[in-house]
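Proteins come first, then strands; the chains are lettered A, B, ... in the order of their sequence lines, and each starts at number 1. Here the structure is a predicted model, which means the values were calculated and not measured.
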2 protein chains.
Amino acid sequence: MKLHGYFRSAASYRVRIALNLKGLTAEHEYHHLRKGEQRAPDYLHLNPQGLVPTLETDHGGTITQSLAIIEWLDETHPEPPLLPKNPTPRARVRAFAMVLACDTHPIQNLGVLNRLRTAKLPEEAVTRWAAEINEQGLDACERLILIERGPFCFGATPTLADICLVPQLYNARRFKVDVSKFRRLLEAEAACLALPPFKDAAPEKQPDFEP
Amino acid sequence: MKLHGYFRSAASYRVRIALNLKGLTAEHEYHHLRKGEQRAPDYLHLNPQGLVPTLETDHGGTITQSLAIIEWLDETHPEPPLLPKNPTPRARVRAFAMVLACDTHPIQNLGVLNRLRTAKLPEEAVTRWAAEINEQGLDACERLILIERGPFCFGATPTLADICLVPQLYNARRFKVDVSKFRRLLEAEAACLALPPFKDAAPEKQPDFEP
């Protein structure tokens, strides 16, 4: 397997965590998003969105979109499971993940922030936009799991929800969001960051890391 | 089952198609998004994001996020399947759906467009933003399925990909995107719109429709 990613991409970070939780190793190819390397024609052939991550499987398949990659990893390498077995809890884990993967991360991503800059928004308004989007998404997530047992988002083991949460909290802090009020999310994050699969996937542990 | 939705919400439209494809009926409750009804405290208790759709199951469960609801419907009512059986084609269908559900629809949604208005973007720039986001997402989708058999996005039967495509093309036309260049997407849309489950889910067929 080969994973195309970038150290700071939250979506790549999610897939790195999932690979580590499954005990899988992949070859890594890094695409420097701020230098526009994801727009190289060879890469666009693999991923027509010009985004990371992309997974090339051992059987010649190409899979884009972090959540589709993680569901594929979970289906092809079932242990440990990243989703509960029963449909309703499964759906609640997926919904939590999608609050972040659909309604939060893409709206504070580099591409959208650059669009705001092109539309002549002052840099201060761009940063505020990113912070507010993060805060709004995390606030909904906190409420979604108030009724769930901890220490992870959904119970005693990490799921797709935690895999999406940890990179989003990393982003939120970059945009100076005060995350201290999200007590249930911070409890889950602490449980995750005690585990090597999460720790080793962190941006600062990647070979392409830049401060 | 009770589905909370709104006639024009693309995410609600997806779930209506999925229910129809499964031959399921649900009670419908409509929330007028432009009047802010999705922000009523009773509804926020069900869906802390204040978004539609939300599904209340027959067993007291509450599921948010359209793709999580559709995966739940597919797991609890397997026929006809909305995803291929094999992991790699499944992942490719999910990835196509997520190009629209993560990287397109949320960035042209009412909430984001209102944020742009609050940031004092002229109305013409807001509409151009929505059109460009739709065009970019649909362009990636067209490329993702150029190698796939038709007439649907992924072969001979509709999948989650088609369920996301039809509402997104509806949105794109509202924002005056020239969709005629997306020949493969239009082929899939035509195959879908020949089927009652897609036709009956259209915004103009819903009781809360307003021209």
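Of all non-hydrogen atoms in B:Q65 and A:A95, the two that sit nearest each other are CG-O, 3.5 Å. Residue A:A68 comes nearest to B:A91 through the heavy atom pair CB-O, 3.6 Å, listed as atom of the first residue, atom of the second, then distance.
In this structure, the side chains of B:T88 and A:H59 stay at 4.5 Å or more apart for every pair of heavy atoms. Proximity of B:L67 to A:R94: side-chain heavy atoms (C-beta onward) are nowhere separated by under 4.5 Å.
Between chain A and the options B:C141, B:P48, B:P122, the largest number of non-hydrogen pairs under 4.5 Å is found for B:P48. In terms of non-hydrogen atom pairs under 4.5 Å with chain A, the most contact-rich of B:T57, B:L121, B:V99, B:V93 is B:V99. Counting heavy-atom pairs under 4.5 Å between each of B:T64, B:L55, B:L44 and chain A puts B:T64 at the top.
The part of B:T76 that comes within reach of chain A is its side chain, from C-beta onward, which places non-hydrogen atoms under 4.5 angstrom from that chain. Interface residue B:L116: backbone and side-chain heavy atoms are both found under 4.5 Å from chain A. Proximity to chain A (any heavy atom under 4.5 Å) is shown, for B:E142, by neither the backbone nor the side chain. Residue contact with chain A, scored on non-hydrogen atoms closer than 4.5 Å, involves the backbone and the side chain of B:T62 alike. The contact between A:A119 and chain B is made by backbone and side chain atoms together, counting heavy-atom distances below 4.5 Å. If you measure heavy-atom distances from A:R115 to chain B, the contacts under 4.5 Å come from both the backbone and the side chain. In this structure, chain B has heavy atoms under 4.5 Å from both the backbone and the side chain of A:L144.
Salt-bridge formation is not detected for the pair A:K85/B:E75: no Lys NZ or Arg NE/NH1/NH2 atom is positioned less than 4.0 Å from an Asp or Glu carboxylate oxygen.
Taken to the nearest 0.5 Å, the CE atom of A:M98 stands 10.5 Å off from the CD1 atom of B:I69. In this structure, A:H45 NE2 and B:R143 CZ are separated by 11.5 Å, a value rounded to the nearest 0.5 Å. Atoms SG and NE2, on B:C102 and A:H105 in that order, are 10.0 Å from each other to the nearest 0.5 Å.
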- Verdict with reasoning, A:V112 to B:W129, per side chain to side chain contact (heavy atoms under 4.5 Å, CB included): CA-CA 10 Å; A:V112 164; B:W129 169 293; 3.9 Å; yes
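Checked against B:I107 for a side-chain contact (heavy atoms from CB on, under 4.5 Å), the options A:I107, A:D103, A:N109 give a single hit: A:I107.
Environment of CZ in B:R183: sparse, with no more than 12 heavy atoms of neighbouring residues, nucleotides or ligands closer than 6.0 Å.
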